[in-house]
Amino acid sequence: VQLQASGGGLVQAGGSLRLSCAASGRRSSLYHIGWFRQAAGTEREFVGVITRSGSGGSTYYGDSVKGRFIISRVNAQNAVYLQMNSLKPEDTAIYYCAASSSALSSVTSEGAYHSWGQGTLVTVSS
C-alpha cells in the first residue's frame, strides 16, 4: 500500500485542521493506519492510530492529543483522516501517516509500520 498525507498548513492557536491520508494499491482498511509527528530536533512521536477493520476499526491516541484529535476512516475514499482541534503551538510538526500489519500491541511504535507517507507540515502560530 502507498500512502500520501496532505492538508497541512498554517493555523492559529485554538484553530482546527484536517489532514488526509490517501491510500493506493490496496485497501487501507486492511491495515492499522497510524499518525506520527516529528517536530524540529525531536524524535518522531505517536499521535494516534485507527486499527484495521478486521480488528474493529478502533482508535487510540497519544496522551498529548487525546481529547483534541480524532482519527476516522472512509472506506469508499480509501482514506484516513486526522481531525485536529484546539491546536497549540506545540502541535507544530511534520505529520506522517503510516500502515502497519503488526500486532495491536505494537501499534504505538513506529517500528511496527512498513509503509509511510511523505509527511505534511503543520504550523500553529501563537
Side-chain angles (χ1 to χ4, degrees):
V1 64
Q2 292 79 47
L3 302 175
Q4 182 170 359
S6 62
L10 175 64
V11 63
Q12 287 189 329
S16 298
L17 205 59
R18 189 179 80 155
L19 304 184
S20 301
C21 178
S24 61
R26 299 199 74 184
R27 289 179 287 137
S28 68
S29 59
L30 296 174
Y31 305 93
H32 312 309
I33 302 295
W35 287 93
F36 290 79
R37 67 185 182 186
Q38 187 167 22
T42 69
E43 294 185 352
R44 200 169 292 184
E45 176 190 13
F46 171 75
V47 173
V49 62
I50 184 165
T51 65
R52 57 189 168 203
S53 295
S55 298
S58 303
T59 52
Y60 302 95
Y61 301 94
D63 289 341
S64 61
V65 307
K66 202 172 295 183
R68 299 188 297 124
F69 289 13
I70 301 170
I71 298 174
S72 61
R73 174 186 274 126
V74 179
N75 289 334
Q77 297 174 0
N78 203 19
V80 171
Y81 299 94
L82 177 65
Q83 177 68 42
M84 305 185 294
N85 302 317
S86 302
L87 283 162
K88 306 174 182 179
E90 51 264 43
D91 294 319
T92 294
I94 299 173
Y95 283 72
Y96 300 89
C97 61
S100 170
S101 302
S102 298
L104 276 176
S105 58
S106 64
V107 294
T108 62
S109 171
E110 64 176 299
Y113 293 81
H114 52 73
S115 299
W116 290 80
Q118 84 286 7
T120 185
L121 176 63
V122 172
T123 303
V124 183
S125 63
S126 57

Chemist: Assess the side chains of S115 and R26: does a donor N or O sit below 3.5 Å from an acceptor N or O?
Modeler: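 No - no donor-acceptor pair under 3.5 Å links their side chains.
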
Chemist: What about V49 and V80, same hydrophobic cluster or not, with Ile/Leu/Val/Met/Phe/Trp/Tyr joined at side-chain heavy-atom distances under 4.5 Å?
Modeler: no

Chemist: Any chance you could measure C97, atom SG, to Q118, atom CD, to the nearest 0.5 Å?
Modeler: 7.5 Å

Chemist: Within the 4.5 Å heavy-atom criterion, are F46 and S109 side-chain neighbours or not?
Modeler: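 F46 vs S109: side chains apart.
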
Chemist: Would a hydrophobic clustering, with Ile, Leu, Val, Met, Phe, Trp and Tyr connected at side-chain separations under 4.5 Å, put W35 with I94?
Modeler: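 No.
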
Chemist: Check the pair L3 / Y113 against side-chain contact (heavy atoms from CB on, under 4.5 Å), numbers first and verdict last.
Modeler: CA-CA 12 Å; L3 302 175; Y113 293 81; over 6 Å; no

Chemist: What distance separates I70 CD1 from T59 OG1, expressed to the nearest 0.5 Å?
Modeler: 8.5 Å

Chemist: Measure from the side-chain N and O atoms of S58 to the backbone N and O of T51, and report whether any donor-acceptor pair falls under 3.5 Å.
Modeler: no

Chemist: Going hydrophobic residue to hydrophobic residue with side-chain gaps under 4.5 angstrom, can you get from Y96 over to V65?
Modeler: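 Result: no, two separate clusters.
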
Chemist: Once you round to the nearest 0.5 Å, how far does CE of M84 lie from CZ of R68?
Modeler: 9.5 Å

Chemist: Does a side-chain heavy-atom distance below 4.5 Å link C21 with L82?
Modeler: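 No, every pair of side-chain atoms sits at 4.5 Å or beyond.
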
Chemist: Is there a donor-acceptor pair under 3.5 Å between the side chain of S100 and the backbone N or O of S102?
Modeler: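 Looks like yes, one N/O pair under 3.5 Å.
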
Chemist: Hey, are the side chains of H114 and S101 touching, using non-hydrogen atoms and a 4.5 Å cut-off?
Modeler: yes

Chemist: Give the intermediate values and the outcome of side-chain contact (heavy atoms from CB on, under 4.5 Å) for residues T108 and Y60.
Modeler: CA-CA 9 Å; T108 62; Y60 302 95; 5.8 Å; no

Chemist: Would a 4.5 Å heavy-atom cut-off, applied to side chains only, mark R73 and S53 as touching?
Modeler: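 In short, these two side chains touch, coming nearer than 4.5 Å.
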
Chemist: With a 4.5 Å limit on heavy-atom distance, are the side chains of L104 and H32 in contact?
Modeler: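 They are in contact (side-chain heavy atoms under 4.5 Å apart), so the answer is yes.
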
Chemist: Please say yes or no: joined through hydrophobic side-chain contacts below 4.5 Å, possibly via intermediate residues, are I33 and V107 part of one cluster?
Modeler: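 Not linked; separate clusters.
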
Chemist: Among E90, K88, R37, exactly one meets side-chain hydrogen bond (donor to acceptor under 3.5 Å, both in side chains) together with S64. Which residue is that?
Modeler: R37

Chemist: Does the side chain of I71 reach to within under 4.5 Å of the side chain of Y61, using non-hydrogen atoms?
Modeler: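 The answer is yes, as the side chains (C-beta and beyond) meet within the 4.5 Å cut-off.
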
Chemist: Rounded to the nearest 0.5 Å, what's the gap from CG on L17 to CG on L10? Could you check?
Modeler: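 Nearest 0.5 Å value for the CG-CG distance: 9.5 Å.
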
Chemist: Does R44 have more than 12 heavy atoms from other residues, nucleotides or ligands lying within 6.0 Å of its CZ?
Modeler: yes

Chemist: Minimum heavy-atom separation for S16 and Q83, please, with both atom names.
Modeler: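 Heavy atoms only, the tightest pair is CB-NE2, 3.8 Å.
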
Chemist: Is the ring pair F36/W116 parallel, tilted or perpendicular, if the boundaries are 30 and 60 degrees?
Modeler: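 Geometry flag for W116 against F36: tilted rings.
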
Chemist: With a sphere of 6.0 Å drawn around CD of E45, does it hold more than 12 non-hydrogen atoms of other residues, nucleotides or ligands?
Modeler: yes

Chemist: Measure the acute angle between the ring planes of F69 and Y95, then classify it against the limits of 30° and 60° as parallel, tilted or perpendicular.
Modeler: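 Tilted.
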
Chemist: Check whether any side-chain N or O of N78 sits under 3.5 Å from a backbone N or O of S28 as a donor-acceptor pair, and report yes or no.
Modeler: yes

Chemist: K66 and D63: salt bridge (charged side-chain N to carboxylate O under 4.0 Å, His left out), yes or no, with the steps?
Modeler: CA-CA 5 Å; K66 202 172 295 183; D63 289 341; 3.1 Å; yes

Chemist: So how far is it from S55 OG to L30 CG, rounded to the nearest 0.5 Å?
Modeler: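 Output value for this atom pair is 11.0 Å.
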
Chemist: Same hydrophobic cluster for L87 and V47, using side-chain heavy-atom links shorter than 4.5 Å among ILVMFWY?
Modeler: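 Yes.
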
Chemist: List the atom of A99, the atom of V1, and the distance in Å for their closest heavy-atom pair.
Modeler: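 Reported closest heavy-atom pair: CB-CG1, 3.8 Å.
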
